[in-house]
Amino acid sequence: MAEGFNTVTDEYDASQIQVLEGLEAVRKRPGMYIGSTSASGLHHLVYEIVDNAIDEALAGYCDDISVIIGDGDTITVIDNGRGIPVDTQEQTGTSALEVVYTVLHAGGKFGGGGYKVAGGLHGVGASVVNALSEWLVVQVHKNGKIYEMRFSRGDITQSIEVVGETDKSGTTVTFKPDGQIFDELVFSYDTLHTRMREQAFLNAGLRIRIEDRRPGREASDEMRYEGGIREFVTYLNRNKTPLHENVIYVSGERSDSMAEVALQYNDSYNELLLSFANNIHTQEGGMHETGFKSALTRVLNDYGKKTNILKNDEKLSGEDCREGISAIISVKLTDAQFEGQTKSKLGNSEMRALVESIVSEKLSVFFEENPSVARAILDKSVTASKAREAARRARENIRRKSALEGMSLPGKLTDCNESNPALTEIYIVEGDSAGGSAKGGRDSRFQAILPLWGKMLNVEKARADKVYGNEKLTPVITALGAGLGEDFDAEKLRYHKVIIMADADVDGSHIRTLLLTFFYRFMRPLIEGGYVYAAQPPLYKLTRGKAIRYAFSDDERDSVSAELRGEDGRGKVDVSRHKGLGEMDPVELWETTMNPETRILRRIEFDDAVRADEVFTVLMGEKVDPRREFIERNAKYAVNLDV
Ligand code: 1YM
C-alpha cells in the first residue's frame with residue numbers, strides 16, 4: 001500500500017476533518033485545484049486521471065492506456081495495470097478505491113506543498129476530478145471480477161459492487177465534467193492528443209491510444225515510442241531543417257534520481273526547450289533547466305576555444321548557444337519540489353548539479369567523437385552571437401533616437417486619455433480605412449487605435465536584428481512601450497489589453513498570425529500574461545424592417561433570425577454576410593466589435609508550447625508542404641486557426 005495512505009489512520013482526526021470539508025472546498029474553489037474552470041481546467045481533469053494510470057506504468061505494472069472522448073463529451077480512461085485495491089481494510093472500514101476518490105489528498109499540484117512521488121502517494125487528483133464531475137464511474141478488473149463504484153459530484157451513489165467476471169486486470173474511469181462548475185464542456189481532441197503524445201514520448205515503450213467517438217468528429221491515434229525523448233526531439237524538428245543527422249542523447253543517474261537530455265539543432269533562429277520533472281511539464285523551468293543551460297554554454301565555449309573557432313576573448317552567451325536548438329530535459333526524482341506562480345518550476349537544487357554534470361561530461365565526449373557535428377553547432381552559435389551584437393546596436397540606436405525625440409509615440413497612434421494601463425486597451429487595426437472607422441467609433445477615454453498597413457515582416461524568417469528598426473513593427477513596439485526580446489518588461493506596458501482587430505477572412509487571418517508570431521517570438525510574456533486578444537467582428541448582419549442585429553456564428557444567425565421573425569412566422573429577415581471592417585461605419589464598428597458591453601473578445605492563449613511552435617513554424621516557416629497539409633487539416637476550424 002502506498003505510504004501516503006497511512007496518514008488516514010495515523011492522523012485520523014486531522015485528516016477526517018479534511019475529508020468532511022475536502023470535496024466541498026474543491027467545488028467552492030475549483031481554480032485552486034485545477035487552475036481554472038475554462039478549457040484548460042476542463043482538460044486538466046483528464047490529465048489527473050491519466051497521471052494515475054501512468055504512475056501505474058512507472059511502477060512497472062501497466063503498458064497500455066486508452067483515452068476515449070465519448071458522445072456528450074464524457075471521458076473514459078482505461079489502463080491494464082493491477083487495478084485500484086477494492087478490498088475493505090480493517091483499520092478504516094473502507095476500500096482504498098473509496099479513499100482515493102473521496103478524500104482530498106494534500107499536496108496537489110495547485111494546492112501547495114510537495115507533489116506526489118513516483119512510487120509514493122498515488123491518486124492525488126482523483127478525488128478532485130470526482131468532486132467536479134456530474135457523475136463518475138470506476139470499474140476495476142481484478143481477481144477475476146469486475147468491481148464498480150459510482151459517484152455524483154463527489155458523493156457516493158453506489159458502493160462497490162461486483163458487476164461481472166473478467167480475465168483481465170486494470171482500472172477504467174468514466175466521468176462527465178459538471179456543467180455547474182465549468183464554463184467550457186467541450187473537449188478538444190487536439191489538445192488531449194498533444195498531451196498524450198507528450199506522455200508517450202516521456203515514457204518510452206508505453207502504448208497510449210486516443211479516440212474521439214463524438215458523432216461527426218471521429219478520430220483516433222495510437223502512440224508508442226521506443227526511442228522516448230529522442231523521438232520527441234525528432235518530432236519537434238519534423239518541419240524544420242536539422243543541422244546534424246542524429247539526435248544527441250545523454251543520460252545518467254545518481255542515488256534515487258535520473259536525468260536524460262535529448263537535443264538537435266535546426267537552421268531556425270528559435271529555441272524550443274521543454275523540461276519535465278516526473279513527467280510533469282515544468283513550464284517555468286527550474287533547477288534542471290538551469291543546469292542544462294550552464295553546461296551547454298560551458299561545453300560550447302570550451303570546445304570553441306580549444307579548436308580556435310573562438311578567437312582571443314570571443315565568448316558565446318547562453319542565448320547564442322541555444323539558437324536553433326530543440327531540446328528535451330526530463331528528470332525523475334523522489335520528493336520533487338514544485339515552486340513558482342503555477343507550481344511548474346522545479347526547486348530541487350540537486351537536479352541542477354546532476355543535469356549539469358551529465359551534460360558537461362557526456363556532451364564534451366560527444367563533441368570529441370563527432371567533430372563535424374560540433375563544428376556545425378559552433379558555427380551556428382558564432383553567427384548567432386554576431387547577429388545578436390548587431391541587434392544590440394540596432395536596439396541602442398532606437399533607444400538613442402527615442403531619447404532624442406523625447407520618447408515620441410508613433411505618428412499613426414491615436415492614443416486614449418486614460419493613463420493607467422490597467423484600464424486601457426489598444427486596438428491594432430489592419431488597414432487605414434478600418435483604422436479610420438475605429439478612430440471614429442472608439443471610446444477615446446480608454447481605447448487607443450494603431451492602424452497597420454501594407455505588408456508586414458514575417459519574423460519567423462528573420463533574426464532579431466531585422467526586427468529592431470523594422471518600419472512596420474517599430475510603431476507596435478513603441479506604442480506598447482514595454483521593449484522587446486530580453487528587454488521586454490510587462491510592467492512597462494502602456495495598455496493591458498492588446499486587441500488585434502482584423503477581418504474574418506483569409507487576409508485578416510494572415511495579418512493576425514503575423515502579429516501573433518511576432519508577439520510569440522519576441523514578446524512572449526505578453527501572450528503568457530494574457531494581454532493579447534483577438535476582436536471578433538460579426539459574421540452576419542440581420543435586418544428586419546428597422547431592427548438590425550448581428551450574429552457571430554451560424555448557430556447565432558439561425559436563432560437571431562428566428563427571434564426576428566417572431567411569433568407570426570411571416571415576413572422576411574434579410575441576412576447578409578458580414579462586410580469587411582473597413583466598410584463598417586464608426587457606429588456599427590463600436591456596436592459590434594468595440595463596445596465592451598456587447599463585443600466578443602477572444603483571449604489568445606497557448607497552453608502548449610509544442611503546438612504553438614508547430615503553428616508558427618508551419619504557418620510562417622519555409623517549408624511549403626507541411627503548411628498546405630496543416631491548412632487542409634485545420635480548414636474546418638479556420639476561424640480558430642490562430643489560437
Ligand atoms: C484510469 C486510472 O487509477 N490506475 C491505477 C491506480 C492505482 C493502482 C493501479 C494501484 C496502486 C497501488 C497498488 C499502489 C492506485 N492505487 C491507489 C491506492 N487508472 C488508475 N492502477 N495497487 C494498485 O500504489 O500500491 C491509488 S491510485 F492508493 F489505492 F493504492
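Computed from heavy atoms alone, side chains included, the values below leave out hydrogens, waters and symmetry copies. Counting starts at 1 for both ligands and their atoms, in listed order. Just so we're clear, the structure is a prediction, and the values are computed from it rather than from any experiment.
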- Task: Indicate, as side chain, backbone, both or neither, the part of V100 found under 4.0 angstrom from ligand 1 when only non-hydrogen atoms are considered.
- Result: side chain
- Task: Give the contacting part of L97 toward ligand 1: side chain, backbone, both or neither, where contact means a heavy-atom distance below 4.0 Å.
- Result: neither
- Mind listing the closest non-hydrogen atom pair of D79 and I65 along with its distance? CB-CG1, 4.2 Å
- Task: Measure the OH-CG distance between Y531 and L526 for me, rounded to the nearest 0.5 Å.
- Result: 8.0 Å
- Message: Under 4.0 Å from a heavy atom of I49: which atoms of ligand 1 are those, numbered in the order shown and with their elements?
- Response: 1 (C), 2 (C)
- Message: Apply side chain to side chain donor-acceptor pair (under 3.5 Å) to residues N80 and D63 and explain how you reach the verdict.
- Response: CA-CA 7 Å; N80 67 346; D63 63 2; 2.8 Å; yes
- Query: Using the benzene-type ring in the case of Trp, are the ring centres of Y235 and F201 under 6.0 Å apart?
  - Reply: yes
- Taking both backbone and side-chain atoms of D79, is any N or O found less than 3.5 Å from an N or O belonging to ligand 1? yes
- Query: Is there a heavy atom in A96 that sits closer than 4.0 Å to ligand 1?
  - Reply: yes
- Going by an N to O cut-off under 4.0 Å, is there a salt bridge joining K345 and E284? no
